[in-house]
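Everything on this sheet refers to the single structure shown next.
If you read the sequence from its start, that first residue is 1, and numbering goes on from there. None of the values given here were measured: they were computed from a predicted structure.
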Amino acid sequence: MNHLTLSRRKSLALALLAALPHMSSLAAPEAPKRGGTLVVGSTQVMRHVNGAVQSGIATAVPSTQIFASPLRFDDKWNAQPYLAEKWSLAADGKSLTLNLRKGAVFHDGKPITSEDVAFSIMSIKANHPFTTMFGPVEKVETPDANTAIIRMSTPHPAIILAMAPALCPIIPKHIYGDGTDLKVHPRNSTDVVGSGPFRMTEFKAGQRVVLERFDKFFLAGKPYLDKIIINVNPDSNNLLLGLERGEYQMLPYATSSSELKRIAANPALNLTNKGFEGIGSLNWLAFNTAKKPLNDVNVRKAIALTIDKKFISKALHGGFSQPADGPIVASSPFAIPDVITYPLDLKKAAELLDAAGFKAGANGERMKLSIDYIPGGDEQQKNVAEYIRAQLKKVGVTVEVRASADFPSWAKRMATRDFDMSMDTVFNWGDPVIGVHRTYLSTNIRPIVWTNTQSYNNPKVDELLNTAGSLLDPTKRKAYYATFQKIVTDELPIHFINNTPYHTASSKKVMNVPTTIWGPASPYDEVYFK
């Protein structure tokens with residue numbers, strides 16, 4: 001080796017040494033800062049904050065801050081430790097063992113034990129509208145204070161995903177185990193005692209929820225924020241104005257195309273569509289199949305044939321949404337492309353209505369129907385409902401578009417089946433067992449929103465879903481779900497419109513905006529201000 005080579009190596013080594021301090025400062029991540037109040041805007045009105053007995057994003061956002069869950073998930077669908085530091089699923093898929101962190105306490109200082117986990121899971125099974133989520137669970141054993149063993153009657157492929165924040169909040173047995181009906185328990189919204197990073201200090205129905213940092217949270221040093229305020233405003237444009245003025249720092253579940261374009265162009269704001277993979281949101285038109293004339297499948301098909309989903313996505317949604325054709329979101333490994341579809345065909349729609357016995361009268365009218373929609377998201381709901389009204393008029397169907405005062409009012413109409421048709425946004429919740437089965441199983445026709453409120457009843461579909469829900473082999477599961485998707489798109493209890501283009505808008509001062517698979521329906525313990 002010559003002297004020149006040595007000199008070059010020596011010079012390179014010295015250059016690297018000189019650069020180390022600079023390189024180190026570039027590589028070192030910014031240390032999260034503590035303090036500050038995050039104001040979150042929402043169009044959704046929450047009835048209470050207990051996610052153990054209520055589904056939906058209105059409840060999930062505050063519930064996941066107040067109550068911890070056994071596990072949480074990253075952006076790759078991987079389970080991560082949370083209240084449970086370890087877990088193991090038996091080889092036969094019929095038991096899940098959770099090993100809880102020691103020293104974790106509720107907001108009132110009482111220890112969180114396996115008894116609370118057992119109580120929570122059995123309470124969710126008994127009260128939550130997602131009956132399939134814990135359907136196979138028979139009991140939860142508690143061999144010691146820090147071990148909970150979930151025993152199931154059949155293999156349950158969705159059980160680990162069901163341990164997620166929005167699906168399995170751990171609630172205190174010493175508060176909720178007093179014999180009061182959990183669905184109407186006063187502590188669901190007053191003097192709430194949780195297990196998560198924030199404790200609730202104020203709840204004003206239809207207005208706001210105030211959460212403050214819980215200093216004894218079981219993850220040391222977290223959360224970083226001092227306070228979270230969730231303000232409710234049904235007008236999404238007012239929320240955007242507030243974000244632009246700095247009154248809000250985060251707007252989750254934004255969908256309006258004009259607002260999304262405006263946010264994307266604002267240099268002070270961030271916009272992301274990450275964090276919604278878990279919920280798998282579908283925007284659809286639901287039919288009350290127990291009412292005439294919608295109990296006739298040909299009437300439902302005729303209605304579907306009047307709707308141009310490409311027009312909805314491009315013109316009404318500004319190209320942000322994508323048309324949807326089936327009950328399982330296209331991004332799911334269980335979705336199939338060859339479902340039955342209904343491309344726009346007004347002539348065929350009229351022929352089906354004629355064949356069903358609904359011929360046009362002297363004034364051209366065949367029938368009168370009503371269509372409802374969820375208040376607060378006009379572009380996905382009201383505007384689509386108005387478009388469907390106009391389209392159906394072309395084939396002689398007169399439609400009244402009915403507005404609800406707020407979300408609870410709309411939910412009551414759905415629960416009591418006081419509707420003909422309704423726009424709805426419903427989630428797959430990661431696994432079909434959790435978010436899909438509930439809509440189609442005849443055993444889940446219940447007076448609760450986001451169950452089988454369509455009154456759809458097909459024993460073959462029940463059999464397919466129940467079998468698929470107990471199979472651990474994904475290939476075998478997919479075969480059952482394929483048959484299910486073809487039947488449902490043929491019988492059409494629901495006409496699928498589009499994938500909901502959810503985004504989270506935030507101030508660029510907000511760091512670690514939740515972008516895991518559950519996104520804004522995750523704990524905000526890692527969020528901080530720059």
Side-chain angles (χ1 to χ4, degrees), residues 55 129-133 135-136 153-154 156-158 280 282-305 307 324-330 332 334-342 352-353 355-357 369 414-424 426-429 431-471 476-497:
S55 65
F130 298 179
T131 56
T132 52
M133 183 165 64
S153 58
T154 61
H156 190 38
L282 289 172
N283 203 40
W284 68 41
L285 178 68
F287 299 109
N288 187 341
T289 66
K291 289 183 69 174
K292 293 181 179 181
L294 295 170
N295 62 334
D296 189 327
V297 67
N298 285 320
V299 173
R300 302 196 295 269
K301 289 184 176 183
I303 292 170
L305 287 166
I307 300 170
D325 291 319
I328 299 179
V329 291
S332 168
F334 300 111
I336 60 169
D338 54 337
V339 294
I340 297 171
T341 59
Y342 300 86
L352 283 175
L353 290 172
L369 296 171
M414 299 303 105
T416 58
R417 294 170 184 77
D418 176 27
F419 73 100
D420 295 330
M421 304 181 290
S422 183
M423 291 302 302
D424 199 352
V426 183
F427 305 156
N428 274 198
W429 286 109
D431 191 288
V433 171
I434 300 173
V436 178
H437 290 207
R438 59 189 168 124
T439 303
Y440 307 95
L441 285 173
S442 64
T443 51
N444 204 36
I445 299 174
R446 305 166 67 201
I448 303 172
V449 68
W450 292 319
T451 58
N452 184 352
T453 50
Q454 294 70 239
S455 299
Y456 177 63
N457 189 337
N458 184 328
K460 178 63 176 178
V461 166
D462 289 348
E463 178 187 352
L464 288 166
L465 293 181
N466 287 329
T467 302
S470 63
L471 295 172
K476 291 180 179 178
R477 289 185 79 198
K478 185 168 184 176
Y480 279 91
Y481 284 130
T483 304
F484 152 73
Q485 289 168 83
K486 289 179 180 179
I487 292 174
V488 165
T489 52
D490 180 41
E491 297 190 342
L492 214 66
I494 288 164
H495 185 47
F496 308 97
I497 305 294

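- Within a 6.0 Å radius of OH in Y480, no more than 12 heavy atoms belonging to other residues, nucleotides or ligands are found.
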Under the side-chain contact (heavy atoms from CB on, under 4.5 Å) criterion, do I487 and N458 qualify, and how do the steps go? CA-CA 9 Å; I487 292 174; N458 184 328; 3.7 Å; yes
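- Heavy atoms only, all atoms of each residue included: P129 and I448 are closest at CB-CG2, 3.7 Å.
- Rounded to the nearest 0.5 Å, atoms CD (E491) and CD (Q454) are 13.5 Å apart.
- Between the N295 side chain and the A290 main chain, no donor and acceptor come within less than 3.5 Å of each other.
- Using a 4.5 Å cut-off on side-chain heavy atoms (C-beta onward), F287 and P493 make no contact.
- For the pair F427/L282, no side-chain contact is recorded, criterion being any heavy-atom separation below 4.5 Å from C-beta on.
- Residues I307 and I497 are in side-chain contact: their nearest non-hydrogen atoms beyond the backbone lie under 4.5 Å apart.
- Counting heavy atoms from C-beta outward, I494 and V488 have side chains that stay 4.5 Å or more apart.
- Contact record, Y456 with I445: O-CD1, 3.8 Å, taken as the closest heavy-atom pair.
- How far CZ of R300 is from CG of L305: 13.0 Å, rounded to the nearest 0.5 Å.
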Would D338 and K486 count as a side-chain contact (heavy atoms from CB on, under 4.5 Å) here? Give the steps. CA-CA 8 Å; D338 54 337; K486 289 179 180 179; 3.3 Å; yes
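- A heavy-atom distance below 4.5 Å is found between the side chains of P432 and I328.
- Counting all heavy atoms, side chain and backbone alike, L441 lies closest to D462 at CA-OD1, 3.4 Å.
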Would you please test I434 and F130 for side-chain contact (heavy atoms from CB on, under 4.5 Å) and show each step? CA-CA 6 Å; I434 300 173; F130 298 179; 3.8 Å; yes
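- Listed for the T154 side chain is no donor-acceptor partner under 3.5 Å among the backbone atoms of S470.
- Under the 3.5 Å distance criterion, the side-chain polar atoms of N288 are matched with a main-chain donor or acceptor of F419.
- A distance-only check finds a donor-acceptor pair linking the side chain of Q485 to the backbone of F334 [under 3.5 Å].
- Listed by chain and number, the residues in a side chain to side chain donor-acceptor pair (under 3.5 Å) with H437 are Y481 (sequence neighbours excluded).
- Salt bridge R477/D431: present, at least one basic N to carboxylate O contact under 4.0 Å.
- Although no hydrogens or angles enter the test, the distance criterion places a donor-acceptor pair under 3.5 Å between the side chain of T451 and the main chain of R446.
- No side-chain donor from either of N452 and T439 sits under 3.5 Å from a side-chain acceptor of the other.
- Nearest heavy-atom pair, P293 versus L369, reported as atom, atom and distance to 0.1 Å: CD-CD2, 3.8 Å.
- Panel note: side chain N428, backbone V329; a donor-acceptor pair is recorded below 3.5 Å.
- Using modelled atom types and a 3.5 Å distance limit, the side chains of T453 and R417 yield no donor-acceptor pair.
- Annotation for I336 and A482: closest pair CD1-O, 3.5 Å, computed over non-hydrogen atoms.
- A donor-acceptor contact shorter than 3.5 Å is absent between the side chain of S442 and the backbone of N457.
- Not counting sequence neighbours, K478 has no partner by the side chain to side chain donor-acceptor pair (under 3.5 Å) test.
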Walk me through it: do F496 and L285 pass the test side-chain contact (heavy atoms from CB on, under 4.5 Å)? CA-CA 6 Å; F496 308 97; L285 178 68; over 6 Å; no
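- Using a 4.5 Å heavy-atom cutoff, the side chains of T443 and T131 are not in contact.
- Aromatic rings of F484 and Y440 (six-membered ring for Trp) have centroids within the 6.0 Å cut-off, being under it.
- Contact of the M133 side chain with the V433 side chain is not registered, since no non-hydrogen atoms from C-beta on lie closer than 4.5 Å.
- Of all heavy-atom pairs between S455 and T289, the closest is O-OG1, 3.2 Å.
- Side-chain contact between L294 and I303: present, with at least one pair of heavy atoms (C-beta onward) separated by less than 4.5 Å.
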